[in-house]
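Written below as structure tokens is the structure these notes are about.
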Amino acid sequence: MKLPSLYLRPSLLMASLVIQLITVVVASGGGSGTTSSTAAAAAAPTKKYNAMFTFGDSMDETGNICVGSSNKTELNVLTCTHPPYGETYFGRPSCRWCDGRVVVDFVGCKGYVRKSLFMFGAYGGNDYNVQLLERGLTPEQAMNYTPKIVGAIANGVKLIALGAVHVVVPGIFPTGCLPIFLSLFGDGDADLDDAGCLKAYNLLTKYHNSMLRKQVEALQRRHRNSTRLMYADYYGLVYQMVQEPHKFGFSAPFEACCGAGGGKYNFDLSARCGMDGATVACRDSSARLSWDGIHPTEAANKVIAGALLRGPYCTPPILS
């Protein structure tokens with residue numbers, strides 16, 4: 001099965017499009033001071049930031065997808081422009097793929113905005129979606145593209161590290177735990193782990209994140225005197241939320257809150273959240289982990305943001 005091309009935008013293509021923007025930011029915002037002053041800033045980071053720059057995919061979208069387009073027909077195709085997206089916080093669709101706020105909305109609250117913070121990613125999720133859903137590759141086959149995907153992310157981080165002092169690089173969510181993949185590949189004799197996630201798809205995610213983390217650790221050593229690089233372990237946190245949902249206040253971790261798919265996962269490609277007949281969400285989205293079968297709910301994003309700000313799923317924590 002295939003998802004509409006507007007719904008899945010390859011992250012590597014997006015990464016290449018933002019390289020010019022990264023270059024501008026680095027050229028205008030970094031490298032003007034002395035090495036000693038930059039090193040001092042990195043060695044003794046403050047807990048406040050005066051600006052935030054985010055590069056990512058639909059997990060990090062805060063509305064620019066609508067601001068950047070005046071084509072009403074094109075925007076109408078995007079389900080995030082239809083109710084019930086945005087119902088929890090904004091009261092209307094805000095072009096976020098969520099019922100309310102996403103992770104970066106929480107990380108960029110006014111109390112922490114004094115120095116500039118860069119979040120590069122999470123990148124990679126859409127690249128694998130294209131391989132697995134558009135091209136029909138197996139997780140094992142998709143692994144062949146991991147070095148190229150991770151290499152592209154690392155190159156972007158290298159450019160940012162030329163001038164930025166505080167940079168967060170997130171891994172990607174456990175693919176095998178997402179309702180979209182469980183609904184498509186989780187029936188019959190599918191190989192599930194003890195938590196109920198698809199083993200092969202999570203192995204792909206862990207392979208990507210392991211390779212990315214090694215790249216980040218290498219860059220941390222290389223730029224230890226100038227840039228504070230932080231790795232955000234999205235996989236570890238979200239997988240724990242799947243294993244122990246009640247610990248975080250969630251229930252039915254594999255069931256999408258919004259959608260008309262019904263069944264075990266409430267997900268169907270032809271009846272996704274925001275489509276005709278799928279404009280009413282579950283009664284309490286704050287008790288759900290998944291909003292539309294692909295993206296987290298606002299409540300889940302708030303938990304993720306807290307773990308990035310204070311730890312332990314960010315190395316080092318943003319506010320450490």
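Numbering of residues begins at 1 and proceeds along the displayed sequence.
Listed by first and then second residue, the salt bridge (charged side-chain N to carboxylate O under 4.0 Å, His left out) pairs that reach into residues 171-196 are D191-K199, sequence neighbours excluded. Applying the side chain to side chain donor-acceptor pair (under 3.5 Å) test to every pair with at least one member in residues 276-285, sequence neighbours left out, gives these pairs: T88-S285, D99-S285, D284-S286. Annotation: salt bridge (charged side-chain N to carboxylate O under 4.0 Å, His left out) contacts involving residues 233-250, sequence neighbours excluded, are absent. Note on residues 248-258: pairs passing salt bridge (charged side-chain N to carboxylate O under 4.0 Å, His left out), not counting sequence neighbours, are E255-R288.
For the atom pair CZ (F181) and CG (L132), the distance works out to 5.0 Å, reported to the nearest 0.5 Å. H295 contributes atom NE2, which lies 9.0 Å from atom SG of C98 (distance to the nearest 0.5 angstrom). Here CZ of F248 is found 10.0 Å from CD1 of I304. Values are rounded to the nearest 0.5 Å. Atoms CG and CG, from L229 and L219 in turn, are 6.0 Å apart once rounded to the nearest 0.5 Å. From R272, atom CZ reaches atom CD1 of I294 across 6.5 Å, with rounding to the nearest 0.5 Å. One distance of note links CE of M119 with CE of M230; it measures 9.0 Å at 0.5 Å rounding.
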Exercise for review: Could you walk me through whether D127 and K148 pass the side-chain contact (heavy atoms from CB on, under 4.5 Å) test, one step at a time?
Suggested key: CA-CA 10 Å; D127 294 288; K148 184 176 181 179; over 6 Å; no

Exercise for review: Could you walk me through whether V242 and F254 pass side-chain contact (heavy atoms from CB on, under 4.5 Å), step by step?
Suggested key: CA-CA 8 Å; V242 167; F254 299 124; 3.3 Å; yes

**Study point:** CA sep, side-chain torsions, deciding dist, call: M211, I153, side-chain contact (heavy atoms from CB on, under 4.5 Å)
**Key:** CA-CA 11 Å; M211 190 173 290; I153 298 171; over 6 Å; no

Exercise for review: Given side-chain contact (heavy atoms from CB on, under 4.5 Å), test H82 with N76 step by step and report yes or no.
Suggested key: CA-CA 8 Å; H82 299 277; N76 190 56; 2.8 Å; yes

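G236 and Y313 get closest at one heavy-atom pair: C-CE2, 3.5 Å. The minimum heavy-atom distance between P316 and S320, with the atom names listed, is CB-OG, 3.7 Å. Minimum interatomic distance between G277 and A260 (heavy atoms only, all atoms of both residues): O-CB, 3.4 Å. In plain terms, the two heavy atoms of G293 and A256 that are nearest each other are N-CB, 3.4 Å. In terms of heavy atoms, A271 sits closest to M275 at N-SD, 3.9 Å.
Not counting sequence neighbours, the partners of T175 by the side-chain hydrogen bond (donor to acceptor under 3.5 Å, both in side chains) test are T205. For C314, there are no disulfide (SG to SG under 2.5 Å) partners at least two apart in sequence or on another chain. Residues forming a disulfide (SG to SG under 2.5 Å) with C197 (at least two apart in sequence, or on another chain): C177. Judged as a side-chain hydrogen bond (donor to acceptor under 3.5 Å, both in side chains), and not counting sequence neighbours, Q220 has no contacts. Remark: S94 pairs with R96 by the side-chain hydrogen bond (donor to acceptor under 3.5 Å, both in side chains) rule, at least two apart or across chains. C273 pairs by the disulfide (SG to SG under 2.5 Å) definition with C258, not counting sequence neighbours. A search for side-chain hydrogen bond (donor to acceptor under 3.5 Å, both in side chains) contacts involving Y128 returns T146, H208, not counting sequence neighbours. Taking the side chain to side chain contact (heavy atoms under 4.5 Å, CB included) definition, one finds that K264 meets it with nothing, sequence neighbours left out.
V238 and Y201 fall within the same hydrophobic cluster, where Ile, Leu, Val, Met, Phe, Trp and Tyr residues are linked whenever their side-chain heavy atoms come under 4.5 Å apart, directly or through other members. Note on L204 and L192: same hydrophobic cluster, where clusters join Ile, Leu, Val, Met, Phe, Trp and Tyr whose side-chain heavy atoms are under 4.5 Å apart, directly or indirectly. Note on Y239: it does not cluster hydrophobically with F185, by side-chain heavy-atom contacts below 4.5 Å among ILVMFWY residues. Both L178 and Y234 are members of a single hydrophobic cluster when ILVMFWY side chains are connected at heavy-atom separations under 4.5 Å. Both F250 and I180 belong to a single network of hydrophobic side chains, linked directly or stepwise wherever heavy atoms of I, L, V, M, F, W or Y lie under 4.5 Å apart.
Side chain of N144 to backbone of Q141: a donor-acceptor contact under 3.5 angstrom is found. A side-chain donor-acceptor contact under 3.5 Å links N209 to the backbone of I172. Using a distance-only test at 3.5 Å, with no hydrogens or angles considered, a donor-acceptor pair links the side chain of D105 to the main chain of V102. In this structure, R310 contributes its side chain and A307 its backbone to no donor-acceptor pair below 3.5 Å. Not a single donor-acceptor pair under 3.5 Å links the side chain of S183 to the backbone N or O of Y265. A distance-only check finds no donor-acceptor pair linking the side chain of H246 to the backbone of S251 [under 3.5 Å].
Two residues are said to be in side-chain contact when any heavy atoms from C-beta on lie closer than 4.5 Å; L184 and L133 meet this criterion. V169 is not listed as a side-chain neighbour of Q215, based on a closest heavy-atom distance of 4.5 Å or more. The closest side-chain heavy-atom distance from E217 to Y231 is not below 4.5 Å. Side-chain contact between C95 and T81 is present, with at least one heavy-atom pair separated by less than 4.5 Å.
Using the six-membered ring where Trp is involved, Y85 and W291 have ring planes that are perpendicular, over 60° apart on the 30 and 60° scheme.
Cys pair C257 and C282 passes the test of SG atoms under 2.5 Å apart.
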